[in-house]
Each structure stands twice: as structure tokens, then as C-alpha cells.
Amino acid sequence: MPLTRKKGAGTPRSNKDSANNSPTRSPTGGSPMSSPGRGSDASPRKKGNGLMRGIKSQLGGPVDRKRRTAFSVARDGEEEVEGEGEGEVDSWDGSDSDESVDPNQHRLKPWFLGTCKYIVFIVTFTFIQIGLRPTADMRQFTSLWDLAIGESLSQVVFIDNLWTFLNGPVVSLVSSDYFQDIEAYWPGDENAYIYGNRRMGQIRIRQVRVKGASCQPTQTRFIQQDSSLPPVCYPQYSLDSDEGLSLVWKNTTYTRSQTATALRDLPCDEQGCLQTDPVTGNLTKVCCTDLRHFNYIRDKDLNESTVPFLASRYYWGGGYVVDLVNETQARRDLHDLRYHQDWIDLKTRAVFVDFSFYNANLDLFVVARLVVELLPSGKCLINKTFRVIQLNRYSLDTNAGTVLLACQLIMSVMLMWYTVDLLMLMYADIKACRWRIFKGLKLHFSTFWNAFDFIILLLFYVVCGITGLNELEAGSLLENLDSIDSSSLQTLGFWATQERNMLGVLALVVWLKIFRYVTITVRLERLFMSLARATPDLITYLFLFALWMYAFSVAGILMFGNELDEFADAGMAILTCNRVMFGEFDFDGLYRANRVLGWMWLFGFSWTAIIILLNFFVAILCEVYAQVMEEYEGEDHVSIMDSILNKAVKLLGLRNSAKQVAALEEKFTALEQDEGGVVSKVMLQEFLAKEGAFEIFDTTEVTEVMARFDKSGDGRLQPEEMKEIREVIKLKKKELEDKITAAEQEQEEGPR
């Protein structure tokens with residue numbers, strides 16, 4: 001039997017959407033997800049037996065039910081009641097009459113082609129991003145440097161820890177390792193290596209400083225009482241307070257926190273710089289302005305990224321720079337910077353440590369940036385970033401590069417295909433609106449999936465633009481290998497990270513679009529219709545919930561902000577409230593921060609947000625889903641999956657019926673031979689009843705068969721009369737074969 005859904009006896013529902021005078025849109029142009037078949041109660045069928053019951057049980061086809069025509073509805077709008085037994089009668093082969101129409105017939109072909117195309121698209125995209133990306137190698141390469149130096153950075157809390165970090169783990173990056181000690185590298189190779197990874201360029205230490213500013217009123221009073229106190233204070237970093245950005249065009253030099261006079265304006269003897277002689281090891285007095293690390297260098301001169309870096313503040317790419325080349329030079333320079341030159345002082349707000357290495361075995365570069373922020377409070381905040389870069393992704397010298405390039409070409413073709421499809425749909429909607437562009441675009445984007453497709457294509461082209469720029473930059477670096485260092489790789493690493501971030505967002509929306517094609521069953525249609533109808537109420541609910549969460553976040557900042565990092569600012573407080581909703585909270589910390597209000601805040605937020613508001617969310621979904629279920633109960637619904645299965649079952653049923661009719665033909669021949677060419681009425685009745693073949697002659701009684709074929713009227717079928725019966729069977733067999741051929745051609749051409 002064809003697949004149908006539960007039917008009700010009520011009056012058919014009116015379709016409100018039929019009153020909409022909007023231009024008709026193509027099924028591929030974002031038609032509604034659900035288009036269930038609608039009808040009234042099914043008509044009773046005449047029951048067959050034996051062969052014909054087997055045929056009927058396997059034949060597919062559209063849903064068998066009473067049709068409503070113009071004559072079945074009274075003028076006053078009331079539905080006429082049809083008498084019992086007036087339903088349609090199946091034909092001899094179990095197929096439906098010509099009036100039977102599959103309600104999904106216009107949707108099958110667009111759905112089938114769209115699904116196949118999108119499966120190829122999403123599989124190719126996922127294979128490129130997951131299957132061809134050396135994710136495991138990248139992670140292992142990153143974890144190496146995190147273990148080698150990243151964990152040591154976490155111990156930096158005060159300025160003393162910073163100098164210990166620079167003289168320890170940082171210097172180890174330019175020191176000899178195990179393989180160098182046993183001469184495991186290539187003879188004559190003067191490059192520095194760490195565990196088989198070649199260092200690209202130098203280890204760069206860069207500091208960012210602020211200008212002096214007027215002090216707060218309290219400090220001003222202290223200064224009035226004690227003239228020996230410094231008359232200036234040093235605020236939190238901002239681009240306006242950057243010491244170098246203010247006078248960048250004047251070759252700015254270092255200004256110490258103890259004086260307001262720049263070093264370039266002081267005599268050499270008063271600048272206070274000593275330097276260790278690399279040959280004798282003796283200290284000699286030098287001019288600080290003659291040393292590179294006391295002169296501000298712009299971001300363009302450093303080949304640094306002009307994109308501000310974010311740890312807790314934004315920092316520009318310029319600063320005062322020290323480059324470490326080897327262990328001896330590094331230890332000597334760092335010793336002088338700390339004890340003889342006072343390079344880091346109260347005006348220092350951030351210290352950056354940049355380095356990069358290349359692994360020949362993996363063909364990967366790693367560029368690292370370690371940041372230590374010296375806050376005005378005296379505490380240090382740390383941030384570490386390790387970015388892995390693959391400069392030669394599309395190399396034709398490797399199988400992986402060739403496959404990646406081929407897959408990218410396939411993706412490009414499919415991207416253009418989707419773009420053309422979208423433009424054609426937009427053109428059709430504009431044309432339907434009589435070339436009124438704004439109205440046509442409004443019509444087009446009024447469908448959710450059309451807008452979703454536009455967002456996907458927009459993200460794809462943004463990613464393509466970023467990828468193209470990255471490949472151009474990588475190509476220029478590969479042409480001049482000597483230019484590859486931490487500075488040149490920082491910019492490329494930043495944009496490579498943005499490319500991966502955009503690909504992550506793109507992967508999310510691309511996989512979410514799969515829901516457009518999986519709503520092929522009534523259950524899924526009900527689910528997505530419920531979500532769509534609940535969206536307005538959910539938006540209102542989320543607004544209320546956001547206000548409630550923000551209110552508790554502000555209260556948490558005021559109550560616990562001074563004691564707990566989780567409530568240090570609005571962003572952290574909102575994240576903390578979100579974690580509390582999922583049962584992750586520090587009750588002991590809240591209790592220590594405020595013994596009275598700590599537990600009250602926790603229980604108040606838990607009871608109101610978790611128990612009450614979240615249950616409102618569930619109640620909204622349940623109510624809408626119940627309404628949708630009620631609407632679906634009184635109607636026949638034929639989903640796309642039902643239509644596909646009906647077509648497949650119909651073909652199988654026709655083939656099975658053809659085999660049984662062929663067998664029936666052989667049995668008729670055997671019966672005729674057994675009876676000597678003459679078959680009596682009794683023998684014919686026993687045979688037709690046993691084989692269930694009455695309906696093949698459009699009857700249910702043997703008397704009607706005899707009346708049709710017994711020309712002589714003697715109650716027996718003579719050889720000439722049996723020959724006529726065999727001709728009827730052959731005709732039925734040919735009709736089945738023709739239907740099978742038509743069904744097979746339909747399968748080959750694809751669903752319609």
C-alpha cells in the first residue's frame with residue numbers, strides 16, 4: 001500500500017496561504033519545507049485474494065483517497081457527504097486511476113537534484129578542511145613549543161619573574177640542544193636548531209611604553225607634601241598614550257620614568273648606560289641613544305602587523321626592540337638591559353617575545369608571540385599565541401598538494417554553480433515583480449533558505465579573498481627565503497588564523513543547511529515547523545532572559561568584583577552567569593567573597609534563571625509543537641520520503657506482478673494439457689480460486705468468466721476458447737511490462 005499518514009474525519013482545513021497574491025516561486029527557490037498532501041477519508045477498496053492481493057500489497061503510488069472536485073462542494077461552502085462504497089476501485093494491476101496525483105510530484109526532482117548536488121558540495125568541502133589539513137601534525141607542533149616555553153610563561157606574575165623568564169626559557173631558544181651537542185645536524189650548517197626545528201631569524205623582544213600623565217587628586221596632594229615624589233604618573237596603555245606613536249616622525253628615543261627629559265636631549269654621560277665589551281668582558285660607558293633598543297622603531301620598519309594585538313588591551317606594532325641571535329650575545333645583552341641600562345621600568349606596559357621555527361619533516365612553520373603585560377597595579381598578565389603556517393599548500397610535487405588543488409578546483413566550480421543558481425532565482429523573482437528590483441529582492445529574501453544561501457556564498461567569497469591574499473604573501477616569502485622571520489610570519493600567521501576562523505563559521509552554516517534537505521519525513525517537517533513558529537516567542541524570551549542575566553551580572557560585579565576574577569568585568573560576569581546555568585560554579589569562592597550576599601546571589605540566580613526561565617523556554621517549544629501536532633492529525637500527509645518509497649515499491653510490485661502473471665500463463669497451459677485441451681467450469685473455478693486470478697478477468701465469479709469465453713455454451717472451454725484466455729493473459733502481461741519499462745525510465749531520468 002502507498003505510504004500515508006493518519007487521517008481524520010473532519011472537514012478539510014482551508015489553506016490560508018492560498019490567499020497570498022505573491023508571485024509563484026519555483027520549488028528550488030526556497031519553497032516551504034513542508035508541502036503535505038491533503039485530503040479526506042480514504043474510500044473503501046474492493047478486496048482481492050491470492051495473486052491480486054499480493055500485487056496490491058506491493059504496488060506503490062500516490063495516496064488513495066476521495067478527491068474533492070468542484071462538484072463535491074456545495075455552493076454554500078459546505079462539503080457534500082458522499083455515500084459509503086463510492087470510493088475508487090483499484091484497477092486489475094493495483095495501480096491507481098488517472099485521477100491519482102502525487103502531491104509531491106513537483107518537489108521530487110528539485111529536492112533530488114538539490115540534495116545530490118549539496119552532498120557532493122559538503123563532502124568536498126569537509127574533505128578539504130578535515131581530510132587534507134594536517135591537523136594532528138599542527139597540534140603536535142604547537143604543543144612542542146607550548147611545553148618548551150609556554151608553560152614557563154605561566155609562572156610570570158611580577159617583574160622579577162619576567163627577567164627570570166627572559167634569562168631562562170627565552171635564552172634556551174638560542175642555545176644548543178641535544179642534537180647539536182652530538183653533531184647530529186648537517187656538517188657546516190650554521191643555523192640554530194631546537195629538536196630538529198630550524199630557527200627562522202632572531203628571537204625578538206619588544207617593549208611598549210606609555211607617556212607620563214598627570215596624577216590623580218590624591219597623589220597630587222602627596223606630591224604637594226613631598227616634593228621628592230615624581231610629578232607624573234603612568235596610566236593604562238592606550239594608543240593615545242603610546243610613547244612612540246606621539247612623536248614617531250621625530251625618531252623618538254627612550255624617556256626614563258625617573259625624568260621627563262628624553263635621552264636624546266641628555267648628554268651621553270647623563271644617559272646612564274653601560275655595556276659589556278664582547279671581547280674583554282669589561283663594562284664601558286656608552287650613549288644610550290647609540291643603542292638600537294633605546295630608539296623607537298615603527299611597525300612598518302619592523303615589518304610587523306599593523307593590526308592591533310589584543311591581550312587585555314590593543315597594542316601597536318612598533319616599540320623598542322632587542323634581537324637575540326646566539327646564547328652568548330643573549331645572556332650578555334639581557335644582563336646589561338637589567339643591571340646596567342634599566343631598560344624596563346615603570347613606563348613599560350607590555351613586553352613581546354616573538355620567534356619562529358621551521359620543521360622540514362612536516363613542512364610547517366610555527367610563529368609564536370608571548371606577551372607579558374605590566375599593569376599599572378604592578379601585576380603581570382600573560383598571553384601566548386602559537387600559529388602554525390603551511391606556506392606551500394598547493395605544491396604539485398606532493399600527492400597531498402595535487403589532491404588538494406584538484407578538490408579546490410571542484411569547490412570553485414560548484415561555488416560558481418551555486419552563485420549562478422542564486423542569481424537566476426533572484427532574476428526570476430525580480431521578473432515576477434515586473435522588474436521592480438527592490439520588491440523582487442524583498443520577495444526573494446523573504447524565504448529563509450534564500451537568505452541563508454546568500455550568507456553562505458558571502459562567507460565563501462570572503463574566505464576566498466583571505467585565502468588568495470595569504471597565498472600571494474606566502475608566494476612572495478618563498479621567492480625570498482632569507483626574508484622569512486618572526487616579523488614577516490606574524491602578519492601571515494594572523495590572517496591564516498582569521499582564515500581558519502572564517503572556515504569554522506562557514507563549516508557551521510554549511511552543515512546547518514543540510515537541514516533543508518533532511519526534512520523529508522512528516523516527523524521532521526513537524527519538528528522544523530515547530531521551531532519556525534516558535535521563533536518570535538523565543539526571541540522575546542531571549543530578550544527577557546538577557547536582561548535578567550545582565551542584572552545579575554552587574555550585581556555580581558559590585559558584590560564580588562574586587563575578590564573574584566570571574567566578576568572582574570561585564571564580559572567575565574556574563575560568562576560566569578552562563579556557567580552557573582549549567583551547574584559550574586565556585587560556591588566556596590562566592591562565600592569567601594561575601595558571606596552574606598554570596599549564597600543569596602547564587603540561589604537567587606539559580607532559582608529564577610534555571611528553574612523558572614529555562615522552563616519557560618521548554619514550555620514555549622512544547623506548546624507550539626502540540627499545536628503543530630494537532631494540525632497534522634486531521635490531514636493526510638505524504639512526505640517526500642513517502643513519495644520516493646512509493647515509487648520504489650511500485651516498481652518492485654510491478655516486477656513481482658509480471659513474474660506471477662508469467663507463471664500464471666504457464667500454469668494455464670499446463671492445465672489445458674492435463675485436461676486434454678478441454679477445461680470444465682468446475683476445474684476453472686478451482687484453478688482461479690487457488691491462484692487468486694479472478695481479477696485478471698475483471699470479475700469475481702467463475703460464471704462471468706464462462707459467460708465471456710464459453711462461446712459454445714456447453715459449460716466447457718474448448719481449445720479455441722482456452723486460446724482466447726491465453727491471449728487475455730498475454731495482453732495483461734504486456735501491459736505490466738510496459739508499465740515496468742515506463743517506471744524504469746522514470747527512475748533513470750530521476751524523480752519528477
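- You'll find the side chain of Leu457 reaches within 4.5 Å of the side chain of Leu415, heavy atoms only.
- Considering only heavy atoms from C-beta on, Asp336 stays 4.5 Å or farther from Leu274 through its side chain.
- For the pair Asp265 (side chain) and Thr261 (backbone), a donor-acceptor distance under 3.5 Å is absent.
- Here side chain to side chain donor-acceptor pair (under 3.5 Å) pairs that include residues 217-231, with residues two or more places apart or in two chains, are Asp226-Ser228.
- The minimum heavy-atom distance linking Ile223 with Pro231 is given by the pair CD1-CA, 3.8 Å.
- Counting heavy atoms of neighbouring residues, nucleotides and ligands inside a 6.0 Å radius, atom OH of Tyr461 exceeds 12 of them.
- A distance-only check finds no donor-acceptor pair linking the side chain of Ser241 to the backbone of Tyr237 [under 3.5 Å].
- With hydrogens and angles ignored, the 3.5 Å screen pairs a side-chain donor or acceptor of Lys211 with a backbone N or O of Asp240.
- There is no side-chain donor-acceptor pair under 3.5 Å between Gln271 and Tyr254.
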Which is it for Leu334 and Ile205 under the side chain to side chain contact (heavy atoms under 4.5 Å, CB included) test, yes or no, and what are the steps along the way? CA-CA 10 Å; Leu334 290 175; Ile205 303 175; 3.9 Å; yes

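- For residues 550-562, the set of pairs meeting the salt bridge (Lys or Arg N to Asp or Glu O under 4.0 Å) definition, not counting sequence neighbours, is empty.
- Phe158 pairs by the ring pair (Phe, Tyr, Trp, His ring centres under 6.0 Å) definition with nothing, not counting sequence neighbours.
- Applying ring-ring contact (aromatic ring centres under 6.0 Å, His included) to Phe567 and the options Phe560, Phe552, Phe585 leaves one that passes, Phe560.
- In this structure, Arg133 contributes its side chain and Met138 its backbone to no donor-acceptor pair below 3.5 Å.
- Partners of Asp586 under the salt bridge (charged side-chain N to carboxylate O under 4.0 Å, His left out) rule, at least two apart in sequence or in another chain, do not exist in this structure.
- Looking at Ser488, its side chain does come within 3.5 Å of a backbone N or O of Ser483 through a donor-acceptor pair.
- Remark: Glu471 engages Arg393 in a side chain to side chain donor-acceptor pair (under 3.5 Å) (not counting sequence neighbours).
- Residue Trp145 forms a ring-ring contact (aromatic ring centres under 6.0 Å, His included) with just one option from Phe386, Tyr195, Phe365, Phe357, and that option is Phe357.
- Every side chain to side chain donor-acceptor pair (under 3.5 Å) that Ser176 has, sequence neighbours left out, goes to Asp181.
- Atoms CG and CG, from Leu558 and Asn594 in turn, are 11.5 Å apart once rounded to the nearest 0.5 Å.
- Residues Glu327 and Ser175 come closest through the heavy atom pair CD-OG, 3.3 Å.
- How far OG1 of Thr576 is from CD of Glu584: 9.5 Å, rounded to the nearest 0.5 Å.
- No donor-acceptor pair under 3.5 Å is formed between the side chain of Thr467 and the backbone N or O of Cys464.
- Taking Arg592 as the reference, nothing meets the side chain to side chain donor-acceptor pair (under 3.5 Å) condition, with sequence neighbours excluded.
- With respect to Asp354, the salt bridge (charged side-chain N to carboxylate O under 4.0 Å, His left out) criterion is satisfied by exactly one of Arg204, Arg369, Lys384: Arg369.
- Gln490 and Ala368 make their closest contact through NE2-O, 3.1 Å (heavy atoms, listed as atom of the first residue, atom of the second, distance).
- Note that CD1 of Ile159 and CD1 of Ile344 are 4.5 Å apart. Values are rounded to the nearest 0.5 Å.
- The backbone N or O of Gly201 sits less than 3.5 Å from a side-chain atom of Arg199, completing a donor-acceptor pair.
- Contacts classified as salt bridge (Lys or Arg N to Asp or Glu O under 4.0 Å) and involving residues 550-576 (residues at least two apart or in different chains) are not found.
- The CD atom of Gln129 lies 8.5 Å from the CG atom of Leu404; values are rounded to the nearest 0.5 Å.
- The SG atoms of Cys215 and Cys233 lie less than 2.5 Å from each other.
- Side-chain contact between Tyr315 and Asp242 is absent, with no heavy-atom pair separated by less than 4.5 Å.
- Interatomic distance, OG of Ser152 versus CG of Leu166, reported as 11.5 Å (0.5 Å rounding).
- You'll find the side chain of Ile484 reaches within 4.5 Å of the side chain of Leu391, heavy atoms only.
- Contact between Val367 and Gly493 at its shortest, heavy atoms only, is CG1-CA, 4.4 Å.
- Looking at Trp495 and Leu469, their side chains never come closer than 4.5 Å, going by heavy atoms from C-beta outward.
- No side-chain heavy atom of Phe355 sits less than 4.5 Å from a side-chain heavy atom of Leu324.
- Asp345 places a side-chain N or O within 3.5 Å of a backbone atom of Ser257 that can act as its donor or acceptor partner.
- The two atoms that bring Gly212 and Val232 nearest to each other are CA-CB, 4.4 Å, heavy atoms only.
- Under the salt bridge (charged side-chain N to carboxylate O under 4.0 Å, His left out) criterion, Asp137 pairs with no residue, sequence neighbours left out.
- Partners of Arg500 by salt bridge (charged side-chain N to carboxylate O under 4.0 Å, His left out), not counting sequence neighbours: none found.
- Not a single donor-acceptor pair under 3.5 Å links the side chain of Asn383 to the backbone N or O of Val371.
- Taking both residues in full, the closest heavy atoms of Met572 and Ala568 are given as CB-N, 4.4 Å, listed atom of the first, atom of the second, then distance.
- In this structure the side chain of Val510 reaches within 4.5 angstrom of the side chain of Phe460, judged on heavy atoms.
- Contact annotation: the side chain of Trp316 approaches that of Leu239 to within less than 4.5 Å [non-hydrogen atoms, C-beta and beyond].
- By the side chain to side chain donor-acceptor pair (under 3.5 Å) test, Ser356 pairs with no residue at all, sequence neighbours left out.
- Note that the CG atom of Asn470 and the CD1 atom of Ile389 stand 9.0 Å from one another [nearest 0.5 Å].
- Annotation for Trp548: atom CH2 does not count as buried by contact number, only 12 or fewer foreign heavy atoms lying within 6.0 Å.
- Residues forming a salt bridge (charged side-chain N to carboxylate O under 4.0 Å, His left out) with Glu479 (at least two apart in sequence, or on another chain): none.
- No side-chain donor-acceptor contact under 3.5 Å links Asp277 and Thr284.
- Side-chain contact check for Thr497 and Arg387: at least one donor-acceptor pair (N or O, by modelled atom type) lies under 3.5 Å.
- By the 6.0 Å and 45° rule, Arg198 does not stack over the aromatic ring of Tyr358.
- With Gln329 contributing its side chain and Val325 its backbone, the two residues share a donor-acceptor pair below 3.5 Å.
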